[in-house]
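What you see below is based on every heavy atom in this structure, not just the backbone, and it leaves out hydrogens, waters and symmetry mates.
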Amino acid sequence: KARALEPDNPSIYNTMAAYYSDYKELYSLAIENTKKAISLEYGPDSDKARYYSNLSVHFENQNDYKSALEAADKAIELDPTSAVGYKQKGSLLSSSSDIGKKEEGKKLLLKTLELNEKDKLFEPIHLDYIYYKLAETEIELKDYTNAKMYVMKALEIDPNDKDSQK
């Protein structure tokens, strides 16, 4: 109904995509709606950067890492002062089996935290995830001191986080 009332409002398509992304069988609709949101000329580039970051997540959910990285890069290109693209690209790269990509992912996640200090974009649950990803990356890079520090920061944010408690 909202799309019928405001067919040129990208936020409606982005919201629909968020709903669809909760269901594996609807991932393609999440991508379709996010692409529609991106295609509409509406709002600042920072909005489009957020949509591209969301598109990257949807591609990642379908195990299309090449497209996920391309969308994350586009988010950074559109708004290099926002943490959203850096978080997504950092998360993707830190999950790589390639040590060089892991290191790059770690740097991007740290940049995410730095940028977030300025714009306070992420809610605590997202910060918890970033610290968890950093800890996980440090473990794989065999830097256990930093890994412990990041786990402790994640647990400060969410003491009940099952991933950080492992």
Query raised in the report: Side chains of T145 and D143: does their closest heavy-atom pair fall under 4.5 Å?
Result: yes
Query raised in the report: Any side-chain heavy atom of I130 sitting closer than 4.5 Å to one from K133?
Result: no
Query raised in the report: Minimum heavy-atom separation for A72 to Q88, with atom names?
Result: CB-CG, 4.2 Å
Query raised in the report: Does the ring centre of Y23 sit less than 6.0 Å away from the ring centre of Y27?
Result: no
Query raised in the report: Can you name the nearest heavy-atom pair linking D79 to A49, along with the distance?
Result: CB-CB, 3.7 Å
Query raised in the report: Does Y51 offer a backbone N or O that forms a donor-acceptor pair with the side chain of T34 under 3.5 Å?
Result: no
Report task. Enter the distance from L78:CG to D73:CG here, rounded to the nearest 0.5 Å. Result -> 11.0 Å
Query raised in the report: Nearest 0.5 Å, what's the CG-CD distance between L93 and E104?
Result: 5.0 Å
Query raised in the report: Mind checking whether Y65 and L108 sit in one hydrophobic cluster, side chains of I, L, V, M, F, W, Y counted as touching below 4.5 Å?
Result: yes
Query raised in the report: Any side-chain heavy atom of S28 within less than 4.5 Å of one from Y20?
Result: no
Query raised in the report: Which pair of heavy atoms, one from K106 and one from T137, lies closest together, and at what distance?
Result: CB-CG2, 4.1 Å
Query raised in the report: Taking side chain as C-beta onward, heavy atoms only, is Y150 less than 4.5 Å from E138?
Result: yes
Query raised in the report: Tell me, do L113 and Y131 make a side-chain contact under 4.5 Å, heavy atoms counted?
Result: yes
Requested in this report: Determine the minimum heavy-atom distance between E60 and A68, stating which atoms define it.
Outcome: N-CB, 3.8 Å
**Report entry** Ion pair E32/K35, N-O distance below 4.0 Å
**Finding:** no
Report task. Check whether any side-chain N or O of Y86 sits under 3.5 Å from a backbone N or O of P80 as a donor-acceptor pair, and report yes or no. Result -> yes
Query raised in the report: Under 4.0 Å between a Lys/Arg side-chain N and an Asp/Glu carboxylate O for K74 and E70?
Result: no
**Report entry** Minimum-distance pair of heavy atoms, taken over all atoms of K102 and S94
**Finding:** NZ-O, 3.0 Å
Query raised in the report: Out of curiosity, K107 NZ to T112 OG1, how far, rounded to the nearest 0.5 Å?
Result: 14.0 Å
Query raised in the report: Between S56 and L92, what is the shortest heavy-atom contact and its length?
Result: OG-CD1, 3.6 Å
Query raised in the report: Are the side chain of S39 and the backbone of K36 linked by a donor-acceptor contact shorter than 3.5 Å?
Result: yes
Requested in this report: Measure the spacing between OG of S95 and CD of E140 and express it to the nearest 0.5 Å.
Outcome: 7.5 Å
Query raised in the report: Do L115 and K111 come close enough that some side-chain heavy atom pair is under 4.5 Å?
Result: yes
Query raised in the report: Looking at CG of L134 and CG of N146, how far apart are the two atoms once the value is rounded to the nearest 0.5 Å?
Result: 9.0 Å
Requested in this report: Measure the shortest side-chain to side-chain distance between N33 and N14 over non-hydrogen atoms and say whether it is less than 4.5 angstrom.
Outcome: no
